[in-house]
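Naming: A, B, ... by sequence-line order, numbering from 1 per chain. Hydrogens, waters and symmetry mates are skipped; everything else that's a heavy atom, side chains included, is used.
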Amino acid sequence: EAQVTQNPRYLITVTGKKLTVTCSQNMNHEYMSWYRQDPGLGLRQIYYSMNVEVTDKGDVPEGYKVSRKEKRNFPLILESPSPNQTSLYFCASSSPGAVNEQYFGPGTRLTVT
Amino acid sequence: SQQGEEDPQALSIQEGENATMNCSYKTSINNLQWYRQNSGRGLVHLILIRSNEREKHSGRLRVTLDTSKKSSSLLITASRAADTASYFCATGETSGSRLTFGEGTQLTVNP
């Protein structure tokens with residue numbers, strides 16, 4: 001089954017404790033992206049990757065890092081999480097090109113206290 | 001920055017009625033897509049309309065695009081309680097794969 005998986009699905013952590021949210025897709029997609037969703041703000045793109053070893057900032061990259069060492073994986077790293085990073089995070093992937101639908105993961109709800 | 005802006009922010013209708021949601025955007029686009037999100041879940045792609053298309057249908061969904069007004073509408077006909085969800089428009093850039101999402105319309109269909 002074609003899918004995007006994220007882990008963990010729920011995470012409560014404390015300020016400053018480094019964490020990684022994993023994202024994996026089994027569709028051989030080149031393009032992968034991370035979004036955060038907050039009430040009243042919709043989905044905002046954090047980082048995206050056009051292919052292996054190619055990453056670029058989205059609209060709200062501050063406080064986040066990503067890496068793309070393998071085509072299927074695109075982890076999101078919070079080196080020193082802060083309470084304003086409490087949010088619902090989504091990973092998405094698609095084939096390259098502007099006219100392809102994006103497939104979304106189920107989401108990771110992160111709470112930073 | 002948010003490209004698409006949906007209107008209304010919330011819509012409540014009775015089962016069987018039609019639901020219309022609108023989306024406006026600011027810059028030139030290659031395509032416009034609509035996604036659906038059930039509460040707390042991932043987004044699911046519904047339909048894509050290219051910039052050179054004016055109308056597209058998929059089952060009970062009808063999408064229109066007016067590039068001169070930089071706006072799109074999503075019509076769901078004969079709505080069902082299961083259509084209750086948030087609906088987002090997303091605009092595709094003229095190059096690349098990046099999508100920019102609006103804030104969404106929360107649709108509630110009452111049985």
**Which atoms of B:Gln9 approach chain A - backbone, side chain, both or neither, heavy atom under 4.5 Å** = neither
Quick one: does [X]'s side chain get under 4.5 Å of [Y]'s, heavy atoms only?
{"X": "B:Phe88", "Y": "A:Leu43", "answer": "yes"}
{"X": "A:Tyr31", "Y": "B:Leu99", "answer": "no"}
{"X": "A:Glu101", "Y": "B:Tyr35", "answer": "yes"}

**Message:** Between B:Arg41 and A:Phe90, is the side chain to side chain contact (heavy atoms under 4.5 Å, CB included) condition met? List the steps.
**Reply:** CA-CA 9 Å; B:Arg41 310 284 290 274; A:Phe90 291 101; over 6 Å; no
**Item:** B:Leu75 atom CG: more than 12 heavy-atom contacts under 6.0 Å
**Value:** yes
**Request:** Name the region of A:Gln37, side chain, backbone, both or neither, that has any atom closer than 4.5 Å to a heavy atom of chain B.
**Result:** side chain
**Asked** With a 3.5 Å cut-off and no angle check, do the side chains of B:Gln33 and A:Gln102 form a donor-acceptor pair?
**Response** no
Would [X] and [Y] show up in the same hydrophobic cluster when neighbours are defined by side-chain heavy atoms closer than 4.5 Å?
{"X": "B:Leu74", "Y": "B:Ile29", "value": "yes"}
{"X": "A:Leu110", "Y": "A:Val60", "value": "yes"}
{"X": "A:Ile46", "Y": "A:Met50", "value": "no"}

Could you pull out every donor-acceptor pair under 3.5 Å between side chains of residues 15-23 of chain A and any protein atom, sequence neighbours left out?
| residue | atom | partner | partner atom | Å |
| --- | --- | --- | --- | --- |
| A:Thr15 | OG1 | A:Thr113 | O | 2.7 |
| A:Thr22 | OG1 | A:Asn7 | O | 3.2 |

**Message:** Tell me which pairs pass side-chain hydrogen bond (donor to acceptor under 3.5 Å, both in side chains) where either residue lies in residues 69-86 of chain B, with sequence neighbours left out.
**Reply:** B:Trp34-B:Ser72, B:Arg60-B:Asp83, B:Thr64-B:Ser73, B:Ser86-B:Gln106
